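Report on the following structure.
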Protein chains: 2
Amino acid sequence: MKTVQLHSAKKNAVACHNCSLSELCLPRGLNRDELELLENSINKTVKIKKKDYLFHRDDAQQSIFAVKAGAIKTSLSTPDGEEQILGFYLPGDLLGFDAFARDRHTCDAQALDDTLVCELSMENFQELCGKLPIMRGQMMRQIGVEIEREQMLLLTLGQMRTEERLATFLSSLSERNRERGFSPAEFNLPMARHDLANYLGMAVETLSRMFSRLQEENIIAVQHRLVKISDMNRLKQLAHHTCRPASDVLPSA
Amino acid sequence: MKTVQLHSAKKNAVACHNCSLSELCLPRGLNRDELELLENSINKTVKIKKKDYLFHRDDAQQSIFAVKAGAIKTSLSTPDGEEQILGFYLPGDLLGFDAFARDRHTCDAQALDDTLVCELSMENFQELCGKLPIMRGQMMRQIGVEIEREQMLLLTLGQMRTEERLATFLSSLSERNRERGFSPAEFNLPMARHDLANYLGMAVETLSRMFSRLQEENIIAVQHRLVKISDMNRLKQLAHHTCRPASDVLPSA
DNA sequence: CAAGTTTTTTGATGTAAATCAAAACAATGC
DNA sequence: GCATTGTTTTGATTTACATCAAAAAACTTG
C-alpha cells in the first residue's frame with residue numbers, strides 16, 4: 001500500500017515515436033531535435049502493481065504521468081474514511097495536474113490493476129513548456145481535458161438519477177473505445193462494482209440493480225466485468241434525454 | 001442575454017500594480033519591464049451587466065478573465081434544459097480555463113450581478129507563458145486551484161448529505177472571506193437560493209429547510225442573503241467531511 | 001475440489017430528500 | 001398607494017435511493 005519507488009526502470013523502454021500512444025501524447029510538428037528533447041525528458045514504463053499507489057494526497061508533486069497499460073483511480077477521502085473517486089485513468093490518459101495549486105497532490109492515485117506509466121518530471125515539464133510552445137499547447141489541452149472530465153461528472157452527480165448516471169458512464173466509455181479503435185459495443189470494465197458505484201455517487205446495491213434493469217430492458221448484457229451493448233440508441237437516449245418521470249414529451253414553446 | 005462585446009473600454013482602467021487584487025493576480029519577482037509587459041497585455045475593467053453572459057458554451061476562447069467586482073456563475077446544461085452550476089467566481093478569481101481542451105468554452109458564464117472583469121487575451125496569455133516563467137507558474141497554480149475546486153465539489157455532491165453540503169459551503173465561503181480580510185462571521189451571499197441549491201445538488205425547498213435548520217440550532221442567522229455565523233465551531237463540525245489542507249485543524253475527537 | 005473469502009446480486013424495509021401545494025415575503029412597476 | 005411578478009419559506013405527501021439482510025456467484029487457497 002506504499003507509494004511505489006519511481007525514477008527507476010529504463011529497461012523495456014519504448015521510444016516515444018514508436019509508442020502506440022504517440023498520437024495521444026505527441027504533438028505534431030516537432031523536429032528531430034525537439035523530439036529527442038522530449039524523449040530524453042521522459043522516464044519510460046514505470047511499473048505499478050495492482051493496489052499500489054502512484055501518489056498520495058499531500059505528496060510533493062514529482063511528475064506528470066501518462067498511463068500506458070492498466071488503470072489508475074484517483075480519489076479524495078474524508079477524515080472519517082469516506083472516499084469519493086474522482087476519475088479513472090486508462091491507457092492514453094494523463095494525470096497529476098491536480099498538484100498544480102500547491103505543488104502537492106490533492107488526491108490519491110491507486111492502480112486498479114498492474115499498470116505501466118510514463119513519467120515526465122516537473123523539472124522537465126517546465127523546461128519543455130518553456131522551450132517548446134507546441135508542447136505547452138499540448139499540455140494545456142490535456143489540462144482542459146481534465147477540467148472538462150470533472151465538469152461532466154459534476155453534471156452527472158448533480159442532476160441525473162441513478163439509471164441515467166450508469167447509462168451516461170457506459171455510453172462515454174463506449175465512445176472512448178470507439179475513438180481508440182476498440183469495440184464500442186463490447187468491452188471489459190476496468191473497475192469493480194464498488195468503485196464504479198462510488199464514482200457515480202450511489203450504493204453498490206443500487207448500481208447492481210441498475211445493471212439488472214438495463215439488462216432486463218435488453219439494452220445491455222453484462223456478465224461480471226464484460227459489458228455488451230445491444231441497443232446503443234436506447235442507451236444514448238437514456239444518457240442524453242433525462243427521462244423525467246411524468247412528461248418526457250414537452251411541447252416546444 | 002447576449003454575450004457582451006469585449007475588447008473595449010480601456011477607460012476607468014486601474015493599472016495592475018495599483019489594483020487591490022494585485023496580490024492575487026501578480027506573481028512576485030517581476031521586474032519593471034516584465035510588469036509593463038503584463039500591464040500592456042491586459043484589457044482592464046470590462047463591464048458586464050447582471051444576467052449578461054461573459055461567454056457561452058462553444059464560444060471560441062478569446063481570453064482568460066479575472067473577476068474584479070461582482071460575481072460570475074459557470075454552468076453546464078443538458079439537452080433537456082437541466083443545468084448544473086459548476087462554480088461561482090468572486091473578486092480575485094480567474095476563469096476561462098475550461099476552454100483549453102478544444103479552444104472552445106465547455107460551459108456558460110453568466111454575471112450574477114453587475115460585474116467588472118480584467119481580460120487577458122489568449123494570444124497575450126501564450127506570449128506571457130512563453131516569455132515569463134514566473135507568469136507561467138502563476139497560471140499553472142490558478143489552473144490547479146480550478147481543478148481542486150471542482151474536486152471538492154465532487155466530494156460534496158457524491159458523499160455528503162444536504163445539511164453537510166450547506167455547512168461545507170458556508171464554512172468555505174467564510175474561510176475565503178477571512179483570507180481576503182473580510183469578516184468570516186458575517187457576509188452576503190452573492191447568489192440567489194435557486195442557484196445555490198442547484199450548485200449544491202438539491203431542491204430549493206431543501207436548501208431553505210437546511211438554512212432554517214441551521215438557524216434553529218443557533219449555528220447561523222440568515223435574513224435574505226445576509227448570513228451571520230454565530231457558532232463557527234459547530235458549523236465546521238457539521239462540515240467535518242471537508243478535507244482542507246494544513247490550516248484546518250479540528251480539535252475535537 | 002472442498003472450504004473460506006470476497007464480490008455481486010436480489011429482496012424487504014426505512015428514510016432523506018424530491019415533489020406538490022400554497023402561503024409569506026420582497027421587489028417592481030404604474 | 002395597490003396590483004403584478006418573482007423569490008423564499010413552510011407544510012403535506014410521495015418516491016428514489018440507502019440501508020439492512022441474506023443468498024448466489026466468483027475468486028482464493030490449502
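Proteins come first, then strands; the chains are lettered A, B, ... in the order of their sequence lines, and each starts at number 1. For clarity, every value in this text was computed on a predicted model and none was experimentally measured.
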Ignoring the backbone of [X], work out which of [options] is nearest its side chain.
X        : options                : answer
B/Arg193 : D/dT8, C/dT10, D/dC17  : D/dT8
B/Ala192 : D/dT8, C/dT8, D/dT19   : D/dT8
A/Arg209 : C/dA18, C/dT9, C/dG11  : C/dG11
B/His224 : D/dT9, C/dA18, C/dA26  : C/dA26
A/Arg161 : D/dA16, C/dA18, C/dT10 : D/dA16

Could you tell me the separation between the [atom1] atom of [X] and the [atom2] atom of [N], rounded to a whole number of Å?
X        : N      : atom1 : atom2 : answer
A/Arg225 : C/dT7  : CZ    : P     : 10 Å
A/Glu163 : D/dA16 : CD    : P     : 11 Å
A/Leu226 : C/dT7  : CG    : P     : 20 Å
B/Lys50  : D/dG6  : NZ    : C1'   : 11 Å
A/Phe211 : D/dA24 : CZ    : P     : 22 Å
A/Leu207 : D/dT19 : CG    : P     : 14 Å
B/Arg213 : D/dG11 : CZ    : P     : 14 Å
A/Leu112 : C/dT7  : CG    : P     : 13 Å

Strictly below 4.0 Å: does A/Thr162 bring a side-chain N or O up to OP1 or OP2 of D/dC17? yes
OP1 or OP2 of C/dT10 less than 4.0 angstrom from a side-chain nitrogen or oxygen of A/Ser212, does that happen here? yes
Is there a donor on the side chain of B/Glu205 or the base of C/dC20 sitting less than 3.5 Å from an acceptor on the other? yes
Are B/Arg213 and B/Glu216 ion-paired here, with the side-chain N under 4.0 Å from a carboxylate O? no
Could you pull out the closest heavy-atom pair between A/Ala71 and A/Leu90, with the gap in Å?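 Shortest heavy-atom separation between A/Ala71 and A/Leu90 comes out as CB-CD2, 3.7 Å.
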Want to settle it: does B/Met191 or A/Ala203 sit nearer the 5' end of DNA chain D, counting the closest nucleotide to each? B/Met191
What I want to check is whether the side chains of A/Thr106 and B/Gln151 have a donor and an acceptor closer together than 3.5 Å. yes
Measure the acute angle between the ring planes of B/Phe55 and B/His105, then classify it against the limits of 30° and 60° as parallel, tilted or perpendicular.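 Taking B/His105 first and then B/Phe55, their aromatic rings lie parallel (interplane angle under 30°).
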Indicate, with a heavy-atom threshold strictly under 4.0 Å, whether A/Ser208 touches base, sugar-phosphate, or nothing.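 Base: the residue A/Ser208, judged by heavy atoms under 4.0 Å, touches a nucleobase.
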Ring centers of B/Phe88, B/Tyr199 separated by less than 6.0 Å: yes
